[in-house]
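Worksheet: the structure to be examined is printed underneath.
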Amino acid sequence: MSQSNLAAVRGMNDVLPAAIGAWQHLERNARELFAAYGFEELRVPLVEQTTLFKRSIGEFTDIVEKEMFTFTEADGESLTLRPEATAGIARAAITNGLLRGARLKLWTSGPMFRHERPQHGRYRQFYQIDVEALGFAGPDIDIELIAMTARLWRLLGISRVQLKLNSLGTPESRRVYREKLVEYFTQHAAALDADSQRRLSGNPLRILDSKHPAMQAVIGGAPLLSAYLDAESREHFDALCATLTAMGIDYVVDPRLVRGLDYYSRTVFEWVTDALGSQNAICSGGRYDGLISQLGGEATPAIGFAMGVERVVELLQQTGQAFSRPSPDVYVLASGERAMRAGLALVERLRDELPAVVFEMNQGGGNFKAQFRRADRSGARLALILGENELERGAAALKPLRLDAAQAECTLAELPARIPAILDTL
RNA sequence: GUGGACGUAGCUCAGCUGGUAGAGUCCCGGAUUGUGAUUCCGGCUGUCGCGGGUUCGAGUCCCGUCGUCCACCCCA
């Protein structure tokens, strides 16, 4: 990097043309799949009032406590770059009057912002594809969302993934469990690391998915949330599991999967992979039955998930599939300025007459050697050569580039017929 | 936010215990003054991440800083 004073902001990356094919492949597959399942796209702002995220994600979560990009407007209003999409979508549904008992199947995508220490697969500006179903109590919609993501992995050829499931129950049953958990961990406080001791008062459930090796024994002995589930949540979760099994969708129940956002209730799930290092969650979500009423909308059960685009793109790249820019069919060479100008007009006419054929016109001059080299590298099957001599006679030359075949000459008027005919033989 | 490793041409990297930088590749030109592989010949690009210090002299040692990577943490 020769200009160190000119740098991208830490944790915010450029997606270069070499990678964009994989991004578009994922985006196209997701868009078509969601449409097939009856989901509609919406787009919401990147910026919301800070209070929206505090109220929805939770005051005592890591995201709100230390990871938000927040700034103050001239009038004193506090605004925040969205750290996730669900809050904004819930807000949009309420403020646009979309609810009224309606059932909404929505998706969106775009950048999210969290002020974390960057790591492979974890960035300060990162992209999510986000799906939300509002007005559905489940568990049928839970199953459909999970089946849809499983189908997406199949479409993309991604196989190193595993589905983890849990139920967090209702807020009431979780409160009971939380008390038991605090009681247990308080008795074993000496065995907790500093992070976990801090969480004991704020967010004790988060202690459960600590990776600290020395704490695995204490965590293993902790009471399980599943023992405190209320009857309805139990029934909901059992139905979910039974149907997934019947559908042949593999999963593991992870009783210690708790998720980091306060608004989750009942079903939570997470697709993880062992191919990306420690940032191993590629898609996760859950029910948030209480969120919309908590924000002031009419009580609406809901479920959603978010997919980490950079992470899924990397899995896609690991499959070895090629997503390069498609090669043109015909690369057009021209010698000299007159031929170049005539060529530009000619190629526009050919594009009109042969809309299915992709032409790439040589740009930037160069002798024939250089132009043929570019033609070769473009991957085109056929070169259309516009030379001064041929143009004098109203003719042009066509040369196959991918196999050993003779170069042929024809009149300009014959080109619209000859080009597709030759391409068919290549 | 905590701990650790790393940072030399566009890319991949070499540079021993300090003596002001090199290879391959890429790109461009020529051999072939109008024809893409290969080969051969020639050419271009570096504030050695940045700033400061030690030294006669720093890519090399020290400090700071920025960035990347790994683990924790967090999570998509």
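The chains referred to below are lettered A, B, ... by the order of the sequence lines, with proteins before strands, and numbering in each begins at 1.
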Between [options], which one does the side chain of [X] approach most closely?
| X | options | answer |
| --- | --- | --- |
| A:Arg117 | B:U2, B:A76, B:G36 | B:U2 |
| A:Gln279 | B:C73, B:A76, B:G36 | B:C73 |
| A:Gln119 | B:G36, B:A71, B:U35 | B:A71 |
| A:Tyr123 | B:U35, B:C69, B:G1 | B:C69 |

*Please list all pairs passing the salt bridge (Lys or Arg N to Asp or Glu O under 4.0 Å) test where one or both residues lie in residues 382-392 of chain A, with sequence neighbours left out.*
A:Arg338-A:Glu392

*Under 6.0 Å between ring centres, would you say that holds for A:Trp23 and A:Tyr127?*
yes

*What about A:Phe39 and A:Trp107, are their ring centers closer than 6.0 Å?*
no

*Return the 5'-most residue of the pair A:Leu276, A:Glu388 with respect to RNA chain B, ranking by each residue's nearest nucleotide.*
A:Glu388

*Describe, in one word, how the ring planes of A:Trp271 and A:Trp153 are oriented to each other, choosing from parallel (under 30°), tilted (30 to 60°) and perpendicular (over 60°).*
perpendicular

*In the structure shown, which nucleotide is the Watson-Crick or G-U wobble counterpart of B:U33, with both distances under 3.5 Å?*
none

*Grab the CD1-C1' distance between A:Ile57 and B:A76 for me, whole Å please.*
13 Å

_Between B:C40 and B:C66 - P atom distance, rounded Å_ = 48 Å

*Per the atom types in the model, does the base of B:U35 pair as donor or acceptor with the side chain of A:Gln371 at under 3.5 Å?*
no

*Identify, with sequence neighbours excluded, every residue that meets ring-ring contact (aromatic ring centres under 6.0 Å, His included) alongside A:Tyr263.*
A:Tyr288

*For nucleotides 24-33 of chain B, read 5' to 3', which letter fits each nucleotide if B means a protein heavy atom sits under 4.0 Å from the base, S means only the sugar-phosphate is that close, and - means neither?*
---SSSS---

